[in-house]
2 protein chains.
Amino acid sequence: MKNSIKVERAKKNITQAQLAELVKVSRQTINAIELGKYNLSTILALKIAHVFNQSVQDIFELEESDWDS
Amino acid sequence: MKNSIKVERAKKNITQAQLAELVKVSRQTINAIELGKYNLSTILALKIAHVFNQSVQDIFELEESDWDS
DNA sequence: TCTAAATGTCAAGTATAATTTACATTATGT
DNA sequence: ACATAATGTAAATTATACTTGACATTTAGA
């Protein structure tokens with residue numbers, strides 16, 4: 001799964017730490033998600049989408065390989 | 001978090017088992033998600049939204065209490 | 001009413017999301 | 001060049017998503 005969190009943060013001019021605070025997770029969690037290191041929960045994806053006023057699909061995009069299983 | 005999976009399944013006339021097969025998880029997982037028993041992964045939410053041709057937000061809705069932490 | 005499909009539930013196990021602490025690296029401004 | 005903020009990374013731990021197998025209950029059709 002790809003994501004555009006870095007771009008959205010840049011638009012809003014906020015740091016990973018600030019985003020972390022807004023959605024109430026650790027800074028490292030935001031960093032790992034932004035770098036595609038894991039498959040975050042849906043509640044967290046909805047919160048991030050809410051912060052950026054975007055749809056979840058706008059920010060998180062499935063890749064072919066995500067369907068492998 | 002609330003969801004409308006049951007309604008979407010009814011529209012498409014498919015069972016929990018069939019949806020499970022389409023998104024490649026177990027039937028019990030679909031059942032638990034549909035009953036709001038846990039916070040599924042974003043990849044799975046995107047796959048379910050894809051099956052129903054809907055946005056993630058159309059199917060999964062944050063509740064106030066989800067912001068508690 | 002009988003049968004089968006569909007749904008609900010439970011317990012035990014595995015996989016992985018998310019936290020914490022800590023430190024290294026890279027970017028930014030003065 | 002220096003200082004500081006921001007980002008990347010790692011290991012250890014905790015919380016929880018998801019699986020499997022099994023069984024109970026509800027629903028729908030013949």
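A, B, ... follow the sequence lines: proteins, then strands. Residue 1 opens every chain.
- To the nearest angstrom, P of dA6(C) lies 17 Å from CG of Leu35(B).
- Under a cutoff of 6.0 Å and an axis angle of 45°, Lys47(A) and Trp67(B) form a cation-pi pair.
- The residue Thr15(B) sits close only to the backbone: its heavy atoms come under 4.0 Å of sugar-phosphate atoms, none of a base.
- Between Gln28(B) and Leu40(B), the residue anchored nearer the 5' end of DNA chain D, judged by the nucleotide with its closest heavy atom, is Leu40(B).
- DNA chain C is contacted by both Lys37(A) and Arg27(B); Arg27(B) maps to the nucleotide lying nearer its 5′ end (nearest heavy atom per residue).
- Asn13(B) has its CG atom 10 Å from the P atom of dG29(D), to the nearest Å.
- As a whole-Å value, the separation of Asn39(A) CG from dT16(D) P is 17 Å.
- Protein atom CZ of Phe60(B) is 13 Å distant from nucleotide atom C1' of dA17(D), rounded to whole Å.
- Residues Asp68(A) and Ser65(A) bring no donor and acceptor atom of their side chains to less than 3.5 Å of each other.
- Comparing dT20(D), dT7(D), dT19(C) against the side chain of Val25(A) picks out dT19(C) as the nearest.
- Taking every side-chain heavy atom of Ile33(B) into account, dC18(D) is the closest of dA18(C), dT7(C), dC18(D).
- Base engagement by Thr29(B) is indicated by at least one non-hydrogen atom pair under 4.0 Å involving a base atom.
- Going from atom CD of Gln16(B) over to atom C1' of dT25(D) covers 13 Å, rounded to whole Å.
- A salt bridge links Arg9(A) with Glu34(A); the closest basic N to acidic carboxylate O contact falls under 4.0 Å.
- More than 12 heavy atoms of other shown residues, nucleotides or ligands fall within 6.0 angstrom of atom CD in Gln18(B).
- Counting atom types as modelled, Glu34(B) pairs no side-chain N or O with a base atom of dG8(C) as donor and acceptor under 3.5 Å.
- For the pair Tyr38(B) OH and dT19(D) P, the computed distance is 7 Å after rounding to whole Å.
- For Leu19(A) and dA5(D), the CG to C1' distance is 17 Å, given to the nearest whole Å.
- Remark: the Asn39(B) side chain and the Thr42(A) side chain contain no N/O donor-acceptor pair separated by less than 3.5 Å.
- Between Asn31(B) and Ser41(B), the residue whose closest nucleotide on DNA chain C is further toward the 5' end is Asn31(B).
- When rounded to the nearest whole Å, the span between CD of Gln18(B) and P of dA5(C) equals 13 Å.
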